[in-house]
Colleague: 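Here you go, one structure.
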Amino acid sequence: MSPPRGLIEFLNTPVGREYKLSIYKDKSVLFGLNAILTIIALQFVDNWTLILAVSILIIILQIRQINSLINIPLAVNLNHPFMETLSVSDSELMINFSDSWINPGNQRLKMVKDPLTGWVLHKQDEDISILCSVRPSYKEKVLAKHLVIVNQAISLNNAVNETNDEFEDARDRETQDSTLLEREWLPEEEFDVQGPLSRIFSPE
């Protein structure tokens with residue numbers, strides 16, 4: 001589903017293209033290793049058809065994993081820092097984890113595993129309110145990686161718009177005794193792609 005008019009998909013931003021390239025570089029090592037092991041196996045195993053079939057299957061699985069990692073359901077406008085241009089108006093972003101584009105607001109997001117509905121995104125606001133459910137097809141590790149970038153996009157959006165995302169306050173609220181917060185919260189990660197995005201976060 002295409003993003004609303006005026007918004008640009010994350011992969012079409014300069015930072016998104018760099019992220020995609022970094023994923024391909026990381027996975028290229030696995031592709032090379034698979035090719036080497038296939039060549040070695042063909043020297044010692046007579047059933048070359050089976051070896052090639054297994055090799056092709058591994059390649060298909062790796063491509064599917066790459067696609068799931070790079071297709072982040074995030075879109076921003078031209079004023080967002082991910083575009084690496086000077087903002088002339090408010091920065092905007094939207095996400096699509098549940099088959100519809102929505103504005104996540106100013107608060108960073110947390111993923112919670114609900115035993116009935118599956119993964120649910122919660123805002124780190126005063127009420128830890130529910131933002132949306134996540135498509136059942138989403139894998140936990142992929143969702144976690146996508147959420148890292150989404151949260152950093154929200155933080156940068158707040159910085160441009162000079163709004164308070166209440167991130168630190170939300171961390172304090174996680175320690176409060178409640179049924180919701182006893183669920184499985186995933187730890188915060190950092191986006192480790194070097195280049196434009198790292199320059200955005202650099203204090204220099």
Colleague: Do you know which two heavy atoms are closest between M83 and N77, and how far apart they sit?
Modeller: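 Where M83 meets N77 most closely, the heavy atoms are CG-O, 3.3 Å.
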Colleague: If we only count heavy atoms from C-beta on, is the W119 to D114 side-chain gap below 4.5 Å?
Modeller: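 Side chain of W119 against side chain of D114, heavy atoms only: no contact under 4.5 Å found.
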Colleague: Would you find a donor on one side and an acceptor on the other, under 3.5 Å apart, between the side chain of T85 and the backbone of L78?
Modeller: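 Yes, the answer is positive, given that a donor and an acceptor are paired below the 3.5 Å cut-off.
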Colleague: Could you see if L11 belongs to whatever hydrophobic cluster contains F97? Use Ile, Leu, Val, Met, Phe, Trp, Tyr and a side-chain cutoff under 4.5 Å.
Modeller: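 Yes, it is one cluster - the side chains of L11 and F97 are joined through contacts under 4.5 Å.
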Colleague: To the nearest 0.5 Å, what is the distance between CZ (R108) and NZ (K123)?
Modeller: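 These two atoms lie 15.0 Å from each other.
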Colleague: Contact between L69 and K145 at the side-chain level, heavy atoms closer than 4.5 Å - yes or no?
Modeller: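 A side-chain contact exists here, since the closest heavy-atom pair is under 4.5 Å.
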Colleague: So how far is it from I66 CD1 to I23 CD1, rounded to the nearest 0.5 Å?
Modeller: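 Between atom CD1 of I66 and atom CD1 of I23 there are 8.0 Å.
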Colleague: With the side chain counted from C-beta on, respond yes when I95 and I102 share a heavy-atom pair under 4.5 Å apart, and no when they do not.
Modeller: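 Yes, at least one pair of side-chain atoms sits under 4.5 Å.
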Colleague: Can you check whether E92's main-chain N or O pairs, donor with acceptor, with N157's side chain at less than 3.5 Å?
Modeller: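 Yes, N157 side chain to E92 backbone: donor-acceptor pair under 3.5 Å.
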Colleague: Could you tell me if the side chain of Y24 sits less than 4.5 Å from the side chain of I70, heavy atoms only?
Modeller: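 Contact flag for I70/Y24 side chains = yes.
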Colleague: Can you tell me how far apart CG (L147) and CG (L121) are? Round to the nearest 0.5 Å.
Modeller: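 Taking CG in L147 and CG in L121, the distance rounds to 6.0 Å.
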Colleague: With distance as the sole test, does R17 use its side chain to make a donor-acceptor pair with the main-chain N or O of N12 at under 3.5 Å?
Modeller: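 Yes, because the side chain of R17 sits within donor-acceptor range (under 3.5 Å) of the backbone of N12.
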Colleague: Quick one: does H122's side chain have a donor or acceptor within less than 3.5 Å of a partner on K110's backbone?
Modeller: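 Pair absent, no side-chain N/O of H122 close to backbone of K110.
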Colleague: Quick one: does W101's side chain have a donor or acceptor within less than 3.5 Å of a partner on A75's backbone?
Modeller: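 Side chain of W101 to backbone of A75: no pair is present.
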Colleague: Is a side-chain donor or acceptor of H80 paired with a backbone partner of L93 at a separation under 3.5 angstrom?
Modeller: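 Flag not set: sc H80 to bb L93 has no pair under 3.5 Å.
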Colleague: Does I39 belong to the same Ile/Leu/Val/Met/Phe/Trp/Tyr cluster as L50, with side-chain heavy atoms less than 4.5 Å apart forming each link?
Modeller: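 No, I39 and L50 fall in different hydrophobic clusters.
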Colleague: Tell me, with the steps shown, if F10 and N71 meet side-chain contact (heavy atoms from CB on, under 4.5 Å).
Modeller: CA-CA 8 Å; F10 174 72; N71 290 319; over 6 Å; no
Colleague: Given 3.5 Å as the limit, does a donor-acceptor pair link the side chain of R135 with the main chain of N96, or not?
Modeller: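 The answer is yes, because a donor-acceptor pair under 3.5 Å joins these two groups.
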Colleague: Taking atom OG of S137 and atom CG of L143, what is their separation to the nearest 0.5 Å?
Modeller: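 Reported to 0.5 Å precision, the distance equals 10.0 Å.
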Colleague: Is it the case that atom CG in L61 sees more than 12 heavy atoms from other parts of the structure closer than 6.0 Å?
Modeller: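 More than 12 heavy atoms, drawn from other residues, nucleotides or ligands, come within 6.0 Å of this atom.
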Colleague: Without hydrogens or angle criteria, can the side chains of N161 and S91 be said to hold a donor-acceptor pair below 3.5 Å?
Modeller: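 There is no such pair between these side chains.
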Colleague: To the nearest 0.5 Å, what is the distance between OG on S89 and CG on N79?
Modeller: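 Between S89 OG and N79 CG, I get 5.5 Å after rounding to 0.5 Å.
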Colleague: Is the closest side-chain heavy-atom distance between L74 and I149 below 4.5 Å?
Modeller: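 Side chain of L74 against side chain of I149, heavy atoms only: contact under 4.5 Å found.
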Colleague: State whether the side chain of N103 and the backbone N or O of G105 hold a donor-acceptor pair below 3.5 Å, judged by distance alone.
Modeller: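 Yes; judged by distance alone, with no hydrogens or angles, the pair exists.
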Colleague: Which residues, ordered by chain and number, are linked to I60 in its hydrophobic cluster, where ILVMFWY side chains connect at heavy-atom gaps below 4.5 Å, directly or through other members?
Modeller: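 Traced through the cluster, I60 reaches I56.
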Colleague: Is it true that a side-chain atom of N151 and a backbone atom of L109 form a donor plus acceptor pair closer than 3.5 Å?
Modeller: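 Yes, the answer is positive, given that a donor and an acceptor are paired below the 3.5 Å cut-off.
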Colleague: Is there a side-chain contact (heavy atoms from CB on, under 4.5 Å) between N158 and I154 once you walk through the steps?
Modeller: CA-CA 6 Å; N158 293 336; I154 291 174; 3.8 Å; yes
Colleague: Using modelled atom types only, decide if a donor and an acceptor are shared between the side chain of S22 and the backbone of Y19 within a distance under 3.5 Å.
Modeller: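 Answer holds: yes.
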Colleague: Measure the CG-CD1 distance between L52 and I59 for me, rounded to the nearest 0.5 Å.
Modeller: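 Rounded to the nearest 0.5 Å, the CG-CD1 separation comes out at 9.5 Å.
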Colleague: Tell me which one of S98, P73, S68 satisfies side-chain contact (heavy atoms from CB on, under 4.5 Å) with Y138.
Modeller: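 Checked S98, P73, S68 against Y138; only one passes side-chain contact (heavy atoms from CB on, under 4.5 Å): P73.
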Colleague: Between D125 and I128, which heavy-atom pair has the shortest distance, and what is it?
Modeller: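 Smallest interatomic distance, heavy atoms only, reads OD1-N, 2.7 Å.
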Colleague: Check whether any side-chain heavy atom of P4 sits under 4.5 Å from a side-chain heavy atom of L7, and report yes or no.
Modeller: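 In contact.
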